[in-house]
Amino acid sequence: MNQEMTLEDEVGYLNDEELLQRINELCIDVYGEEYFEIFGFEEYTREQRLYQMRYLQRKNDILVKDLSCDRDGYNFLDLWRKYWNTRVVLNADVCDIYGFVALSQLFNHVRVERGVKDDLRLHACVIMPSGMAKSEFNDILAEFADIADKSYYSVGVFKINKLIGEINKKIVSNNMRINAFSKKDRGWVDPVEPGILASYDYVVFDEGEAVLDHKKIHIQALLDKTMNRIGSKGNMITSTDNRIHSNPTCSLVITSYHLDTYTHLFKKGLFPRMIVYVQPEDPIKRTKTSEYIVSSIPSFVDDVSEAEKKRKDKENLQNKLRKKLKEEVENLQNMHKDTETIYMRAGVDEIINEYINELRNIVPGLNPEQIEAWESMVSRVSINFIKVAALFSLMNYRNYIDKEDAHNAARLLFPAMRSVAFYIISNNTGRNEKLNRLVMRLRREFIGMRYTKEEWQKVFFKSFGAGESSSEKLLALLIKSGKMRVLKNKEEGTTVYMLS
């Protein structure tokens, strides 16, 4: 109650319409969506609006503060971002996710004790429309693997036995021919060919739709086991003949274009173990990505030597950043070569729990069906949160989690979890429910009113905080759904709109 009174004191000079506009601005800052997309079309009291504002301010506080660097100079994430930005644009959230997947493999020997000793590996799944540079993301990770002396494997067409491992029948036959049946026998060669999952540090499924399809139950179960705690019974993968056993230590990355649905993956374990980022079709981003690709070609005004200089300058910058990244990786590995366990400063656990609660309640007003999918998705958020916080501490040359690490973990995970929440909402019946509420509310006050487009835009602005472009979308949606009639007066050359 005191918090609400304090907030009223802060914004008490705003009338209800101005307060709604302030909340609408926060919705755009936090979600990239306007007020009605987040809170729907219900009528709210001023007290409820103040609660909404406080709710959004807590989310915004996570996003506006970047505490990734807590020492003089640069750190790993600074260098990673700079190198990434020489290759792709408009994907800052994905950049940080990939950076921490890369970082996590540097510290496979470090454990965080949460009742059990858990490793720090992170795994990611990025779902985007085609043509958004997903393969380029993976190429950057492959280059980092070379820089850090790590191994990388891009899985194309695959068979399960190649992932788990298999017995080379030719070697078995040759061993039998020379009567070599074990290591003790002269000429014996081990016929076991280790699988991809147990042989590489980064295993990437660039065409992830072959993995994410709802029929691919076997491969999904295999990847589930791969992501379990290193060395645990749940982490062991076994061939069908039970002759090959291994405990994979790799980090998994899956990139895919959009499928019809991913609902089964939210509920059956694969996605909750990963940091999942879902980007919807965005014409503006697509245009800017295309423009960046074209503008990246070195150009000149008077002489081609100008373009050649630009090419060399960019190449030199990339080489310089690769060198700095390698130095930073070596420094981090030397610093933490004897680090076995991550600790935590007293009191940080309360901060972590607060942030996790904000992530679990990332969007308001989910319906029961949406809540089921969302709760399954966030069931393991605390585990990934602790891992990311631990990696922030290691990146900044500490072996303990401090409050800034908790904040940074929340900031890194927020965009990914927000993207998943909006995916769940957009692939559910919630939009129809919102439309019905919109119509019911408008009918109470505006039934029978014949307004021009501009007059309806003023109604939407005053009632829901909708801007001009959003008002046009609302009007088009009402017309398309048959809830709004278009009336044209040919003699006067005017058009008005009336609720049906």
- Query: Distance from His407 atom NE2 to Leu412 atom CG, nearest 0.5 Å?
  - Reply: 11.0 Å

- At what distance, to the nearest 0.5 angstrom, does CZ of Arg360 lie from CG of Asn353? 10.0 Å

- Task: Count the heavy atoms belonging to other residues, nucleotides or ligands that lie under 6.0 Å from CE of Met335, then report whether that count exceeds 12.
- Result: yes

- Is there a side-chain contact between Ile62 and Tyr355, using heavy atoms and a 4.5 Å cut-off? yes

- Message: Between Asn138 and Thr255, does the side-chain hydrogen bond (donor to acceptor under 3.5 Å, both in side chains) criterion hold? Intermediate values first, please.
- Response: CA-CA 9 Å; Asn138 295 331; Thr255 54; 3.3 Å; yes

- Task: Report the residue from Trp374, Tyr31, Tyr277 that forms a ring-ring contact (aromatic ring centres under 6.0 Å, His included) with Phe422.
- Result: Tyr31

- Report the residue from Ile275, Leu359, Val363 that forms a side-chain contact (heavy atoms from CB on, under 4.5 Å) with Met417. Leu359

- Counting only heavy atoms not in Arg114, do more than 12 sit closer than 6.0 Å to its CZ atom? yes

- Within a strict 4.5 Å, meaning less than it, do heavy atoms of the Leu197 and Leu252 side chains meet? yes

- Query: With side chains defined as the heavy atoms from C-beta onward, is the minimum distance between Leu103 and Leu106 less than 4.5 Å?
  - Reply: yes

- Item | CG on Asp338 to NE2 on His109, rounded to 0.5 Å | 8.0 Å

- According to the interplanar angle, ranging from 0 to 90°, do the rings of Tyr44 and Tyr35 count as parallel (below 30°), tilted (30 to 60°) or perpendicular (above 60°)? perpendicular

- Message: A cation-pi test, strictly: NZ or CZ of Arg398 under 6.0 Å from the centre of the six-membered ring of Tyr400 and no more than 45 degrees from its axis. Yes or no?
- Response: yes

- Message: With heavy-atom distances below 4.5 Å as the criterion, would you say the side chains of His123 and Arg273 are in contact?
- Response: no

- Message: Take a 6.0 Å sphere around CZ of Arg345 and say whether it holds more than 12 heavy atoms from other residues, nucleotides or ligands.
- Response: no

- Item | Glu340 vs Arg111 side-chain heavy atoms within contact, under 4.5 Å | no

- Item | Worked verdict on Arg81 versus Tyr74 for side-chain hydrogen bond (donor to acceptor under 3.5 Å, both in side chains) | CA-CA 11 Å; Arg81 287 170 173 171; Tyr74 56 80; over 6 Å; no

- Can you check salt bridge (Lys or Arg N to Asp or Glu O under 4.0 Å) on Glu166 and Lys162, steps first, answer last? CA-CA 7 Å; Glu166 58 186 343; Lys162 290 292 184 182; 2.8 Å; yes

- Query: Is it the case that Lys150 places NZ or CZ above or below the six-membered ring of Tyr152, under 6.0 angstrom from the centre and within 45 degrees of the axis?
  - Reply: no

- Query: Which of parallel (below 30°), tilted (30 to 60°) and perpendicular (above 60°) describes His336 and Phe107?
  - Reply: perpendicular

- Glu350 atom CD: more than 12 heavy-atom contacts under 6.0 Å: no

- Is the ring centre of Tyr98 less than 6.0 Å from the ring centre of Trp80? no

- Message: Salt bridge or not between Asp118 and Arg229? Use side-chain N to carboxylate O under 4.0 Å.
- Response: no

- Message: Using side-chain heavy atoms (C-beta onward) and a distance below 4.5 Å, is Leu391 in contact with Ser104?
- Response: yes

- Inter-residue atom distance Glu404.CD - Arg411.CZ, 0.5 Å rounding: 14.5 Å

